[in-house]
Amino acid sequence: METDGIHGRKGGAVLPTTSRFKPIARVVTALTLLVALVTAVPAPASAAPWDKDACAGQERAVERVLAQIKVHNAKPHVFLLPRQAAAYNAYNAEAAALGAARTQAAAALTACTSAIAAMADQRPGSPTFTPPTARELRDLTEALKKIPPNFPPRTTPVGGGNTWSVPRTGPERPLFDVLRNYSPGDPRNWRASTLQGQRMPTIGATDPSAPGRVVGVWSRSGAPGVSPDHIVPLSRMIYMPNFMKLTPQNMFRVASAPVNLQWMSRWANTSKGSRSVGALTKFDPAWQAAQVRLEARVFRQLQDIINKLVKSQG
């Protein structure tokens, strides 16, 4: 007796009324939803031009599950029971496993695309991601090997005070040095970019950090005395929860995320260093208060980005 509904023969054991068709229907439904997700969730190329290839691995994982679901749905799905009960149960178990894999792959892709979009500044002129060189990637990979398991995050600077610094003898120092050398890099590479929606200030422009100050000349190049500055300093970023769980590639992405960069006069940048702006006295109070609010907001954004990237890594 072939059946696609309630399975069994007179006098034989009757399996649950869930038909073979229903697990297929669930897989087909999952497949439809997954296709909708891939097409509806903007790919990094359109949502975050800053890094078009960031989620390629997650996209490939989705494609693999789609292919496996297609193969599963193409298999024979009419069973003679109870003789083929084992095949029937195996087929349904495979359907359930594929449904779980579909959910996991979709969640990873969504987390990745969301994080990449959040890292970017989508206003005109925003910079694009510059991938690390093979040497930088190798150096960071080696530096990560020196970090002990369960490296603790920190909520206050090492040694107290208001200056975020990385001990020169700490196991995290090599990692910090690689990221510091990579990001933000040579200011000349940023001159055509907008940061926080602002173009690079020109020589003589008002320096909002202090009354009466203007942007001077960078003596080494004759360019305006400004530089891209991390809003949340790298020396604080590496101690954020889950940062050490990022892949080397994602560490480079977070370290140079446009959402965490702004133009700042070299005078203000040097005066601030890695300290909290709110604890200093030489700046304009209104600018200082705005910087404190900006850092708090960007810190929350970065933490959400880091958490999503860790989830997307599987």
Side-chain angles (χ1 to χ4, degrees), residues 48 50-51 54 111-123 126-127 129 147 151-167 170 172-173 175-176 178-180 182-185 190 193-198 208-209 227-247 249-264 268-280 283-313:
W50 172 66
D51 189 355
C112 183
T113 55
S114 177
I116 297 302
M119 275 192 261
D121 183 342
Q122 307 211 21
R123 289 168 284 197
S126 179
F129 178 62
I147 305 296
F151 185 82
R154 298 188 61 88
T155 57
T156 57
V158 176
N162 62 2
T163 301
W164 286 89
S165 60
V166 180
E172 71 274 30
R173 182 69 191 204
L175 179 145
F176 170 77
V178 175
L179 293 176
R180 176 78 268 182
Y182 168 81
S183 178
W190 296 81
S193 300
T194 61
L195 302 177
Q196 302 300 312
Q198 301 295 319
S209 65
S227 59
D229 176 63
H230 290 100
I231 298 168
V232 176
L234 281 172
S235 53
R236 183 183 186 188
M237 187 187 302
I238 68 169
Y239 294 110
M240 293 176 68
N242 283 332
F243 183 83
M244 292 298 178
K245 297 179 182 179
L246 294 172
T247 64
Q249 293 87 344
N250 282 338
M251 282 189 176
F252 280 114
R253 290 184 176 102
V254 174
S256 58
V259 72
N260 189 38
L261 294 172
Q262 66 177 337
W263 288 113
M264 185 174 286
N269 200 351
T270 302
S271 301
K272 170 194 167 198
S274 295
R275 290 172 290 181
S276 171
V277 177
L280 304 178
F283 297 117
D284 175 76
W287 179 85
Q288 194 170 7
Q291 286 289 304
V292 170
R293 292 192 298 271
L294 177 63
E295 181 175 352
R297 174 173 61 80
V298 172
F299 182 88
R300 292 192 297 270
Q301 288 177 296
L302 286 178
Q303 188 63 70
D304 185 58
I305 287 167
I306 291 170
N307 293 343
K308 286 179 177 177
L309 286 175
V310 169
K311 179 180 179 181
S312 76
Q313 292 169 177

May I ask you to check whether Ser235 and His230 show a side-chain donor-acceptor distance below 3.5 Å?
-> no
When you look at Phe151 and Leu175, which way does the side chain to side chain contact (heavy atoms under 4.5 Å, CB included) test go after all the steps?
-> CA-CA 13 Å; Phe151 185 82; Leu175 179 145; over 6 Å; no
So which heavy atom on Met251 is nearest to which on Leu179, and how close?
-> O-CD2, 4.1 Å
Go through the steps for Leu234 and Arg236 under the test side chain to side chain contact (heavy atoms under 4.5 Å, CB included), then give the verdict.
-> CA-CA 5 Å; Leu234 281 172; Arg236 183 183 186 188; over 6 Å; no
Side-chain donor-acceptor pair under 3.5 Å between Arg253 and Gln249, yes or no?
-> no
Heavy atoms of Val259 and Gln301 approach each other most closely as CG2-OE1, 3.6 Å
Atom CD in Gln262, atom CD in Gln196: separation rounded to 0.5 Å?
-> 6.5 Å
After noting the C-alpha distance and the side-chain angles of Lys272 and Asp229, does the key distance pass the side chain to side chain contact (heavy atoms under 4.5 Å, CB included) rule?
-> CA-CA 10 Å; Lys272 170 194 167 198; Asp229 176 63; 3.0 Å; yes
Met237 CE to Leu302 CG distance, which is reported to the nearest 0.5 Å = 5.0 Å
If only atom types and distance count, is the side chain of Trp263 paired as donor or acceptor with the main-chain N or O of Gln198 below 3.5 Å?
-> yes
With Tyr239, which of Thr155, Val166, Thr156 fulfils side-chain contact (heavy atoms from CB on, under 4.5 Å)?
-> Val166
Ser209 side chain to Ala268 main-chain N or O, any donor-acceptor pair under 3.5 Å?
-> no
In short, Asn269 meets Pro228 closest at the heavy-atom pair ND2-O, 4.4 Å
When rounded to the nearest 0.5 Å, the distance separating CZ of Arg300 from CD1 of Ile305 is 12.5 Å
Return the minimal non-hydrogen interatomic distance between Thr247 and Gln313, and the atom names on each side.
-> N-OE1, 3.0 Å
Roughly how far apart are Gln291 CD and Gln288 CD, rounded to 0.5 Å?
-> 9.0 Å
Heavy-atom check, side chain of Asn242 versus side chain of Met244, under 4.5 Å = no
Name all pairs fulfilling the salt bridge (charged side-chain N to carboxylate O under 4.0 Å, His left out) condition that reach into residues 301-312, sequence neighbours left out, sorted by first residue then second.
-> Asp304-Lys308
Do the side chains of Pro233 and Glu295 get nearer than 4.5 Å, heavy atoms only?
-> yes
Heavy-atom nearest pair, Leu261 first then Leu195, reads O-CB, 3.8 Å
Closest heavy-atom pair, Gly197 versus Asp121, reported as atoms and distance to 0.1 Å, is N-OD2, 3.4 Å
Under 3.5 Å donor-acceptor, Asp51 side chain and Phe129 backbone | no
Could you go through the side chain to side chain contact (heavy atoms under 4.5 Å, CB included) check for Ser183 and Phe252 one step at a time?
-> CA-CA 8 Å; Ser183 178; Phe252 280 114; over 6 Å; no
